[in-house]
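Notes for the one structure printed next.
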Amino acid sequence: MSYNPFLRTRPRSMVTGYHGTSISVEPKTKEGLYICNSTDVSITVAKKCAKTGIEACKNLSVYFNAPVMTEMCEIVSCENIDLYIRKGVTLRTITIDMSSNVNIHVQSAGEQLFKVYYHQSSDTRLIKHGGGPAQRIQLDTLPAHNEKQTRQFVCRIHPDDQIQIDPVVREGKGYPTTAEELAAHAETELIFLQRFRDQINIISRLQNESGGESSGESPP
């Protein structure tokens, strides 16, 4: 069964079965762009689209010359993929699953890319262009306990181009996050809960004071 990165949503523009060619695609603004089963192809995304997915492709170059509304791209079961994020375009999150040798080309890393999720994947690189020779940064430098084949990891690219890699954990309905983010979320919830309790206490005290005054005897 084919993996569908768009979870069966419609509508979408399909680019499938291309080999040894270069094409330009102009999806409708509210459509997702789905690229699959293609090899040795160069694809230029010339118009704004809703989201992007790439599946079962090899030796593929995708040039994002126009914005992606959700700022998301999913890559599944691919090999030798180059994503060129042009100036003015942002891909906030890239998900890479069961793929190898994925190169993400940017002008400004901290402004054009924020997170890369990867699972059972290898050789993911960020390549920065502009201001001299291209700089290659390996994104999937795993922690010492290297459980690459069974664990998911998230790589954050901070505004100063610092790289932070953490194992993915899933909470509730399975939304991928990290232990650090869960702890921060729990701390924030505790702060809001304490503020809510303080407000309830203030309201209760004011009500008691008001009730006490109104229950007193009227002056003669």
Task: Of all pairs that satisfy ring pair (Phe, Tyr, Trp, His ring centres under 6.0 Å), the ones with a partner from residues 36-60, not counting sequence neighbours - done: none
- [ ] Not counting sequence neighbours, which residues clear salt bridge (charged side-chain N to carboxylate O under 4.0 Å, His left out) with R125? List them please.
- [x] none
- [ ] Would you please name every residue forming a salt bridge (charged side-chain N to carboxylate O under 4.0 Å, His left out) with K48, sequence neighbours left out?
- [x] none
In Å, rounded to the nearest 0.5 Å, how long is the span from [atom1] of [X] to [atom2] of [Y]?
| X | Y | atom1 | atom2 | value |
| --- | --- | --- | --- | --- |
| K58 | S38 | NZ | OG | 13.5 Å |
| C49 | L33 | SG | CG | 5.5 Å |
| S24 | K47 | OG | NZ | 10.5 Å |
| T39 | H19 | OG1 | NE2 | 5.0 Å |
| I96 | Y117 | CD1 | OH | 12.5 Å |
| I157 | K128 | CD1 | NZ | 11.0 Å |

Would you kindly confirm whether [X] and [Y] end up in one hydrophobic cluster when ILVMFWY residues are joined by side chain heavy atoms under 4.5 Å apart?
| X | Y | result |
| --- | --- | --- |
| I137 | V102 | yes |
| V25 | Y18 | yes |
| Y63 | I23 | no |

- [ ] Report yes or no: is the cationic atom of R86 (NZ for Lys, CZ for Arg) under 6.0 Å from the centre of the six-membered ring of F64, at an angle within 45° of the ring normal?
- [x] no
Task: Exercise: identify the closest heavy-atom pair between C155 and Y118 - done: CB-CE2, 4.0 Å
TODO: Identify the heavy atoms of G32 and A50 that sit nearest to each other, and give their distance.
DONE: N-CB, 4.1 Å
Task: By side-chain contact (heavy atoms from CB on, under 4.5 Å) - contacts of S204 (at least two apart) - done: N208
Task: side-chain contact (heavy atoms from CB on, under 4.5 Å) involving S22 - partner list, sequence neighbours excluded - done: S42
Tell me, do [X] and [Y] make a side-chain contact under 4.5 Å, heavy atoms counted?
| X | Y | answer |
| --- | --- | --- |
| I54 | V62 | yes |
| T90 | L113 | no |
| Q112 | Q107 | yes |
| Q135 | I127 | no |
| Y34 | S13 | no |
| I104 | I94 | yes |
| V154 | V116 | no |

Task: Verdict with supporting geometry, M14 and I35, side-chain contact (heavy atoms from CB on, under 4.5 Å) - done: CA-CA 6 Å; M14 301 286 293; I35 304 167; over 6 Å; no
Task: Any residue meeting side-chain hydrogen bond (donor to acceptor under 3.5 Å, both in side chains) with S100, in chain and number order, not counting sequence neighbours - done: none
Report, one line per pair, each donor and acceptor closer than 3.5 Å where one atom sits in a side chain of residues 75-85; sequence neighbours left out.
residue	atom	partner	partner atom	Å
N80	OD1	N101	ND2	2.7
N80	ND2	N59	OD1	2.8
D82	OD1	N103	ND2	3.3
D82	OD1	H105	NE2	2.7

Task: Any side-chain donor near an acceptor of the partner, T95 and E74, under 3.5 Å - done: no
